[in-house]
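As the structure lists them, so they are numbered: ligands from 1, and atoms in each ligand from 1. Keep in mind that this is a model prediction, so the values were computed, not measured. We number each residue from 1, following the sequence as shown.
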Amino acid sequence: MRITHVALRTLDLPLVAPFTTSFSTQTHRRVLVIELHADVDGVEVVGWGECGALSEPVYSEEYLAGVIDVTTTYLLPMLVDAQRRAPLTAETVAHHLGRIVGHRMAKAAVEMAVLDAQLRASGVSFASYLGVTRDRVPSGVSIGIQDSIPELLDVVQGYLDDGYVRLKLKIKPGWDLEPVRAVREAHPDVPLQVDANAAYTLVDATHLAKLDAYDLLLIEQPLAEDDLRQHAELATHMRTPLCLDESVVSATAAADAIALGAAQIINIKPSRVGGYLEARRIHDIASAHGIAVWCGGMLETGIGRAANAALAGMPGFTLPGDISASDRFYAEDITEPFVIEDGHLAIPREPGLARVPHAGRLEAATVDLVRLDA
Ligand code: NPG
């Protein structure tokens, strides 16, 4: 394929309720969507990409304005240069962008748009491309930090009524043992896990080990992104399985974490690791080591949610992911919404990896637009 022009759209989408983690409270999702126009054998195809970066560098070092800058200044010009020598394929994007250090979320969004265009042009769904045979994936929900335990229990009940099959509670120092105990007492059998988003240090090991009493599926990323050795040490102090999110930024990081004993489970977020192709490599490495994986989320619109649902259909994804229905976050998604049915989301089978946004809703949500010609 040959890229002809690209629109980088910043969307502003109100969330149905504020989402509080140890690092921020989000009331809106500002998200970059890439609309990539390409020529494939004389036919114009549009590919869609969505970027996981938040507007501030609080989850990882990437942030929206930085993503737009690196994408327009470096990533897209590098692909345009590469396609002068040979037609572009999704599988070569990471190679062409390899000279740029880091910026994985930006690279992931670009690769996603190219892969979407490529799959659409060949009439292949992302699920078929990955060899996925399942037709649906179990749906878990991530529950933000609430103002009080009664409010938390109300929110939990609402999600259980919706049919979610697994709960993830966000925790931080001062909001950990009490909320977990309250939810476990109210729902003795519900599959339950916690996510600290790097809010603790190894000094908290004895405190965190008290979570062992609540029969959790896992504790996710208790310590800082760079603390691989400390995570391995913490794992020896707790029975609750240790899962990494922020620390696993690549297949190499996944291999290191497994070798060190720092991860018994891995949360795979395609945006965090530089794209869906690297996400598949991490799945393969983890499976070869008997390490379970599950698919994380970055409050995706229907564009990214579609791709995540297909990825999560791969056989190593043996735990329910943060793949909720669209209405978990958005009163109106920019695509046809994903709905939860019997605790599951259907894996899309249409060509492409993204679900195509509705033109009117996309336009209405766009607050900034940068156009680039190849
Ligand atoms: O379902 O998309 C979703 C959200 C899942 O909790 C979720 N994401 O750290 O995993 C995380 C977390 C997150 C929240 C990430 C807010 C970034 C911002």
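The distance criterion of under 3.5 Å between nitrogen or oxygen atoms is not met by F329 with respect to ligand 1. Geometrically, ligand 1 and K168 share a nitrogen or oxygen pair separated by less than 3.5 Å. Considering backbone and side-chain atoms together, E246 places no N or O closer than 3.5 Å to any N or O of ligand 1. Checking only distances, F23 never comes within under 3.5 Å of ligand 1, N or O to N or O.
With distances taken over non-hydrogen atoms, the option nearest atom 18 (C) of ligand 1 out of T25, N267, L54, V141 is L54. Of the listed options Q26, E220, R272, M298, M298 places a heavy atom closest to atom 15 (C) of ligand 1.
Near D245, the atoms of ligand 1 lying under 4.0 angstrom from a non-hydrogen atom of the residue are 9 (O), 10 (O). Atoms of ligand 1 lying under 4.0 Å from any heavy atom of N197, numbered from 1 in the order shown and given with element: 9 (O), 11 (C).
At a 4.0 Å heavy-atom cut-off, ligand 1 does not touch I323 at all. Contacts with ligand 1 closer than 4.0 Å are made by no heavy atom of R328, backbone or side chain. Contacts with ligand 1 closer than 4.0 Å are made by side-chain heavy atoms of D195 only, the backbone lying farther away.
Remark: minimum distance from atom 5 (C) of ligand 1 to any protein heavy atom is reached at D322 OD2, 3.4 Å. Residue, atom and distance of the protein heavy atom nearest to atom 14 (C) of ligand 1 are F19 CE2, 3.3 Å. In this structure, atom 10 (O) of ligand 1 lies nearest to the protein heavy atom K269 NZ, 2.8 Å. Atom 8 (N) of ligand 1 has G297 O, 3.1 Å as its closest protein atom, hydrogens excluded (heavy atom only). In this structure, the protein non-hydrogen atom closest to atom 2 (O) of ligand 1 is L299 N, 2.8 Å. Of all protein heavy atoms, the one closest to atom 6 (O) of ligand 1 is S142 OG, 2.6 Å.
Ligand 1 lies less than 4.0 angstrom from a heavy atom belonging to K170. For the pair Q221 and ligand 1, no heavy-atom separation below 4.0 Å is found.
Between H283 and F317, the ring planes are parallel. Angles under 30° get that label, and only those over 60° would be called perpendicular.
Counting all heavy atoms, side chain and backbone alike, V67 lies closest to C51 at CG1-SG, 3.8 Å. Scanning both residues, A106 and V70, for their nearest heavy atoms gives CB-CG1, 3.6 Å.
For OH of Y74, the number of neighbouring non-hydrogen atoms (other residues, nucleotides, ligands) closer than 6.0 Å is 12 at most. Within 6.0 Å of CG on D147 lie no more than 12 heavy atoms contributed by other residues, nucleotides or ligands. By the neighbour-count criterion of 12 heavy atoms within 6.0 Å, atom CZ of R371 is sparsely surrounded, having that number or fewer from other residues, nucleotides or ligands. The environment of E44 atom CD is dense: over 12 non-hydrogen atoms of other residues, nucleotides or ligands sit within 6.0 angstrom.
A side-chain donor-acceptor contact under 3.5 Å links S24 and Q26.
Hydrophobic clustering (ILVMFWY, side-chain heavy atoms < 4.5 Å, transitive): M112 and L130 are in one cluster. Under a hydrophobic-cluster definition in which Ile, Leu, Val, Met, Phe, Trp and Tyr are linked whenever side-chain heavy atoms come within less than 4.5 Å, directly or via other members, L152 and V141 are assigned to the same cluster.
Every residue two or more places apart in sequence or in another chain was checked for a side chain to side chain donor-acceptor pair (under 3.5 Å) with E341, and none qualifies.
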For this session: Please test L244 against N267 for side chain to side chain contact (heavy atoms under 4.5 Å, CB included), starting from the C-alpha separation and ending with a verdict.
Result: CA-CA 6 Å; L244 291 182; N267 164 343; over 6 Å; no

